[in-house]
There are 2 protein chains.
Amino acid sequence: MTTQTIADRRSRRLDQILTAAWAIATEAGLGAVSLHEVARRVQMQQPSLYGYVSSKLDLFDAMFAQAYEQLLSRLDAVPPAGNAREQLLQLSRTVLDFVVDNPPRQQLLFQRTIPGFEPSPASYALARRLTDRCAGLLAALGADTPAHLEVYTAVLAGLGSQQVANDPGGDRWTRHLEAMLAIFIDHFVPPEP
Amino acid sequence: MTTQTIADRRSRRLDQILTAAWAIATEAGLGAVSLHEVARRVQMQQPSLYGYVSSKLDLFDAMFAQAYEQLLSRLDAVPPAGNAREQLLQLSRTVLDFVVDNPPRQQLLFQRTIPGFEPSPASYALARRLTDRCAGLLAALGADTPAHLEVYTAVLAGLGSQQVANDPGGDRWTRHLEAMLAIFIDHFVPPEP
DNA sequence: GTCTATAACGAGATAGAC
DNA sequence: GTCTATCTCGTTATAGAC
């Protein structure tokens with residue numbers, strides 16, 4: 001069947017489009033992404049993009065989904081090592097590095113800053129997979145309430161947000177991850193017997 | 001002299017312009033603010049705005065400065081009560097409420113998300129006044145290193161960011177402010193003699 | 001200080017040929 | 001699936017009259 005290779009071509013094209021979109025976001029900000037500029041970079045005419053995305057917000061949704069897929073596969077790349085506490089630390093570091101390394105990711109995945117954008121159910125399911133993973137590790141530590149998850153995500157979001165906004169490229173905030181998680185665990189998590 | 005009233009008229013006009021800009025941001029997001037829409041709302045022609053702001057980024061700078069002035073005056077409205085710890089708590093609550101009450105404020109004041117925008121020196125000085133105030137209270141608690149300030153701001157930014165992104169209008173994150181500050185102080189601040 | 005007029009450009013989206 | 005052509009609308013910004 002040629003269907004396979006046709007689907008492959010299609011998906012490679014879509015990949016090019018998403019790569020171009022992320023490049024624009026990296027260079028000029030997420031708000032600077034436009035279909036015209038994306039088309040220019042992938043050497044297509046702008047209307048041709050509508051064969052791959054149905055609107056600009058749909059493009060953002062595809063970017064959202066792709067980023068979560070990348071992040072999740074990055075989490076799966078390293079086999080879980082150590083106890084729940086060490087796994088939570090490693091997961092947190094991976095997520096934090098992921099968004100700080102590329103501020104538009106922080107903006108698209110964790111902040112609601114694009115007028116009109118809301119992830120589709122399919123994309124939101126990917127976001128849930130990350131949340132569930134965090135919740136699972138927290139539960140293994142005995143931190144199994146919504147409040148625990150909220151505080152934990154606030155710590156991660158706070159470090160990422162401040163790092164990106166006030167010291168891009170540096171580590172003035174990310175360096176505090178371990179200390180803050182340790183404090184969080186010590187205070188909120190019941191000691192193991 | 002009529003100079004006084006002329007300056008007053010001017011400043012009232014500018015106030016109308018900023019009010020309209022904030023209204024747009026509140027309704028449709030900071031990225032949706034345009035000079036045309038502002039002009040429509042204040043019943044002026046769009047080119048006339050250039051008598052008050054010199055560019056769109058200059059408008060954002062004026063919004064930035066105005067918001068910081070409002071926040072600082074809100075902090076001054078209530079006389080400092082209690083010890084440094086209680087004052088820090090009150091200040092934090094005021095700041096957090098201020099940005100959560102109006103998400104574009106969070107975006108403009110504490111996140112770097114508008115392509116090309118950077119506060120002018122004068123506006124940045126206002127931001128510094130807030131930082132200095134926090135640093136002063138932290139120092140009074142014995143938390144006088146940059147690291148202390150970084151962790152403190154991460155806590156505040158994290159709660160605000162998550163609240164605005166995931167539960168606008170609610171309190172799923174802001175309700176944890178007191179608990180998180182207490183933990184922060186207990187862990188980072190040397191106990192008083 | 002405010003207006004009209006307009007430049008110069010860009011955006012998102014659709015129609016229809018090939 | 002990709003193109004050309006085009007619609008429609010928007011934007012920031014400037015020139016110059018009043």
Side-chain angles (χ1 to χ4, degrees), chain A residues 1-21 23-25 27-64 104 108 113-118 120, chain B residues 1-21 23-25 27-64 113-118 120:
Chain A
M1 293 247 286
T2 56
T3 314
Q4 187 61 42
T5 68
I6 287 174
D8 275 5
R9 283 175 68 92
R10 226 193 110 76
S11 115
R12 254 177 295 148
R13 260 297 205 205
L14 183 56
D15 248 40
Q16 288 177 7
I17 289 167
L18 291 174
T19 301
I24 297 165
E27 294 165 23
L30 204 55
V33 173
S34 75
L35 297 179
H36 273 99
E37 182 60 25
V38 169
R40 259 170 241 130
R41 297 197 182 208
V42 297
Q43 317 232 55
M44 294 173 83
Q45 295 302 314
Q46 173 258 346
S48 305
L49 294 178
Y50 284 82
Y52 298 89
V53 291
S54 63
S55 71
K56 190 184 178 181
L57 289 180
D58 190 44
L59 171 64
F60 280 123
D61 192 57
M63 294 170 74
F64 181 97
L108 186 61
T113 178
I114 309 248
F117 171 68
E118 224 172 338
S120 63
Chain B
M1 293 247 289
T2 57
T3 314
Q4 187 61 42
T5 69
I6 288 174
D8 276 6
R9 283 177 67 92
R10 226 192 110 76
S11 116
R12 254 176 296 147
R13 259 297 204 205
L14 183 56
D15 247 40
Q16 287 177 7
I17 289 167
L18 291 174
T19 301
I24 298 165
E27 293 165 24
L30 204 56
V33 173
S34 76
L35 297 179
H36 270 102
E37 183 59 26
V38 169
R40 257 171 243 128
R41 299 197 181 209
V42 298
Q43 316 232 57
M44 294 172 82
Q45 296 303 313
Q46 172 257 347
S48 304
L49 294 178
Y50 284 82
Y52 297 90
V53 291
S54 62
S55 72
K56 189 184 178 180
L57 289 180
D58 189 46
L59 172 63
F60 280 124
D61 193 56
M63 294 170 73
F64 181 97
T113 178
I114 307 248
F117 172 68
E118 223 171 339
S120 63

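Lettering of chains follows the sequences in order, A, B, ..., and the numbering in each one begins at 1.
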May I ask you to list the residues of residues 28-46 of chain A, by number, that have any heavy atom positioned under 4.0 Å from an atom of DNA chain D?
->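 Output list: Met44(A), Gln45(A).
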Whole angstrom is fine here: how far is it from NZ in Lys56(A) over to C1' in dC9(D)?
->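 So the NZ-C1' distance, Lys56(A) to dC9(D), works out to 14 Å.
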To the nearest angstrom, how far is Tyr50(A) atom OH from dA5(D) atom C1'?
->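 The distance from OH of Tyr50(A) to C1' of dA5(D) comes to 15 Å, rounded to the nearest Å.
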Per the side-chain contact (heavy atoms from CB on, under 4.5 Å) rule, which among Leu18(B), Ile17(B), Val53(B) passes with Val38(B)?
->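 Testing Val38(B) for a side-chain contact (heavy atoms from CB on, under 4.5 Å) against Leu18(B), Ile17(B), Val53(B) leaves exactly one candidate, Ile17(B).
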Under the side chain to side chain contact (heavy atoms under 4.5 Å, CB included) test, which residues partner [X], sequence neighbours left out?
X: Ala23(A); result: Glu27(A), Arg41(A)
X: Ser11(A); result: none
X: Ser120(A); result: Asp61(A), Ala122(A), Ser123(A)

Taking for each residue the nucleotide of DNA chain C bearing the nearest heavy atom, is the 5' side occupied by Pro47(B) or by Arg10(B)?
->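 Residue closer to the 5' terminus by nearest nucleotide: Arg10(B).
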Report yes if the side chains of His36(B) and Arg40(B) come closer than 4.5 Å at any heavy-atom pair, otherwise no.
->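 Yes. Closest side-chain heavy atoms under 4.5 Å.
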For the residue pair Met63(A) and Leu59(A), establish whether any side-chain heavy-atom pair is separated by less than 4.5 Å.
-> yes
For residues 48-57 of chain A, which residue pairs qualify under side-chain hydrogen bond (donor to acceptor under 3.5 Å, both in side chains), counting only residues two or more places apart or in two chains?
->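 Applying side-chain hydrogen bond (donor to acceptor under 3.5 Å, both in side chains) to every pair that reaches into residues 48-57 of chain A, excluding sequence neighbours, yields Ser54(A)-Asp58(A).
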Derivation of the side-chain contact (heavy atoms from CB on, under 4.5 Å) call for Arg9(B) and Arg12(B) | CA-CA 5 Å; Arg9(B) 283 177 67 92; Arg12(B) 254 176 296 147; 4.0 Å; yes
For DNA chain C, note the earliest and the latest nucleotide, 5' to 3', having some atom under 4.0 Å of a heavy atom belonging to chain B.
->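 With heavy atoms of chain B under 4.0 Å away, the range is dG1(C) to dA5(C).
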